[in-house]
Amino acid sequence: MSNGKSRKVAIVVPFLNEQENLPLLYDRLAKAMDGQPEAWEILFVDDGSTDGSAQWAADKSRADQRVTLLRLSRNFGHQIAITAGLDHVAADAAVVLDADLQDPPEVIPELLQKWREGADVVYAVRAERQGETWIKKFLAASFYRVFRWLVKVDVPANAGDFRLMDAKVVAAMKQVRELHRFMRGLTSWVGFTHAAVYYNREPRHAGHTKYPVWKSLQLALDAVTSFSGTPLRWIMGAGVVVSFGGVLFALRLVTMKLTGQGEAVPGWTSQVALLLILSGVQLVCLGMLGQYVSRVFEESKKRPLYFVKEKVGHITAP
Ligand code: UDP
Ligand code: MG
């Protein structure tokens, strides 16, 4: 390999409209990586950008051999863009990095150090989140708590997609082809040796987030439904409790009548209230079932996860 460096690290950077961030990202990455004993390359994944970022990355790729660009045929979403990147990695390790500089490239040498010491997956755990709205921080904190409690897979709290994976983990991930994918969960699920590095999450360098609250909620829902059937058991539990309560109530009414304590007051308020509550519960349960059914439907179609529009630079993997 080049410069007599024996091992190579690929940095996978999925982006959607990040033209103000890519040039600085490249500079900071190059600076952080040049001192490392491993050779490196950047694999940009254009997730359907409509600004000048894909053009910038293509030009960069023609100017710098170490830069390659994979362009998806449209916007497929962050998780799929990461997947596409990992699918095209040919290196001894891969690092997934956001393009907005919220994941500081200067942390990568620390990830590499843990990898050299033998870890197969090195998470970058956020010690602090700057420049994010309180609602997002609150949602993130509650999500990790609920997810860890629900799912038997041990996903470290506050580790985003910023992480290093050894080639064997990348190979394992390539075999997981489900459509609704929560990459953080999957890297835990595949196993291997894990280690963590702590860092401060910086505010976005420029541009605005492509993960509004509703998209984050959708990711959370995907995470839960793709890793756990527990909500289905809750539905059953709720159903059992509610029907048991109903039976008790009916029994009480009958005994009241038989023992001459009078008939139940024919008030309709309580009935209407019960009706509303119960139909609400039923709708929620149906909705939750629907979430799983629709995922079964989506997965059963077995569509490809993404399509590649263009490859720029030397991408060796298929
Ligand atoms: N991104 C992407 N496709 C999308 C949405 C986002 O490739 O559909 C990229 C985005 O350009 C960035 C990373 O994913 O590099 C994380 O997105 P963002 O910073 O908007 O999310 P946040 O950090 O606010 O959760
Ligand atoms: Mg961001």
Side-chain angles (χ1 to χ4, degrees), residues 10-26 28-29 42-57 60 67-89 94-105 107-108 123-144 147 157-163 179-184 199-223 305-310:
I11 293 134
V12 175
V13 184
F15 66 82
L16 170 65
N17 299 337
E18 303 280 7
Q19 64 179 353
E20 298 103 325
N21 294 320
L22 293 187
L24 182 63
L25 175 86
Y26 169 82
R28 280 176 57 181
L29 250 178
I42 301 178
L43 174 54
F44 282 117
V45 182
D46 168 31
D47 188 18
S49 298
T50 49
D51 66 352
S53 38
Q55 189 56 49
W56 183 89
K60 198 78 204 172
V67 178
T68 52
L69 168 67
L70 187 72
R71 300 191 65 193
L72 303 185
S73 59
R74 62 169 169 85
N75 176 253
F76 282 91
H78 187 206
Q79 303 290 303
I80 298 285
I82 295 175
T83 307
L86 291 178
D87 285 348
H88 290 82
V89 157
V95 176
V96 176
L97 185 78
D98 278 359
D100 58 1
L101 291 162
Q102 278 195 289
D103 308 331
V107 176
I108 297 179
Y123 308 107
V125 179
R126 305 156 180 166
E128 219 175 90
R129 283 171 166 242
Q130 294 173 23
E132 292 198 53
T133 54
W134 67 268
I135 174 107
K136 224 172 147 168
K137 283 187 207 176
F138 169 76
L139 284 176
S142 350
F143 168 73
Y144 283 114
F147 189 78
N158 285 323
D161 289 304
F162 182 22
R163 62 189 48 194
L179 180 63
H180 292 278
R181 36 206 309 124
F182 180 55
M183 298 300 278
R184 291 157 227 189
Y199 77 105
N200 284 337
R201 188 141 168 98
E202 290 172 18
R204 225 172 203 284
H205 169 64
H208 57 86
T209 177
K210 279 91 197 172
Y211 264 96
V213 168
W214 68 269
K215 254 198 194 173
S216 305
L217 287 176
Q218 208 169 326
L219 183 64
L221 193 63
D222 272 344
L305 299 181
Y306 56 86
F307 293 105
V308 174
K309 176 160 76 176
E310 191 187 358

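Order of appearance sets the numbers: ligands from 1, and atoms from 1 within every ligand. Quantities reported herein were computed from a predicted structural model and do not represent experimental measurements.
Sorted by chain and number, the residues within 4.0 Å of ligand 1 by heavy atom are P14, F15, L16, E18, D47, N75, G77, H78, D98, A99, D100, Q102, K136, R201, R204, T209, K210, Y211, K215.
Contact annotation: the side chain of T68 never approaches that of H88 to less than 4.5 Å [non-hydrogen atoms, C-beta and beyond]. Contact check for D100 versus T209: no side-chain heavy atoms found under the 4.5 Å cut-off. Using a 4.5 Å cut-off on side-chain heavy atoms (C-beta onward), Y199 and D103 make contact. Within the 4.5 Å cutoff, side-chain heavy atoms of Y306 are placed close to those of D87. With contacts defined as side-chain heavy-atom distances shorter than 4.5 Å, the pair L86/M183 qualifies.
Here the Mg ion (ligand 2) has protein N, O or S atoms under 2.8 Å from it, and they come to 2.
From D47, atom CG reaches atom CG of N17 across 9.5 Å, with rounding to the nearest 0.5 Å.
Listed by chain and residue number, F15, Q19, L22, S49, D51 satisfy the side-chain contact (heavy atoms from CB on, under 4.5 Å) test with S53 (two or more places apart in sequence, or in another chain). Contacts of E310 classified as side-chain contact (heavy atoms from CB on, under 4.5 Å), with partners at least two apart in sequence or in another chain: R62, R71, V312.
Salt bridge R204/E20: absent, no basic N to carboxylate O contact under 4.0 Å.
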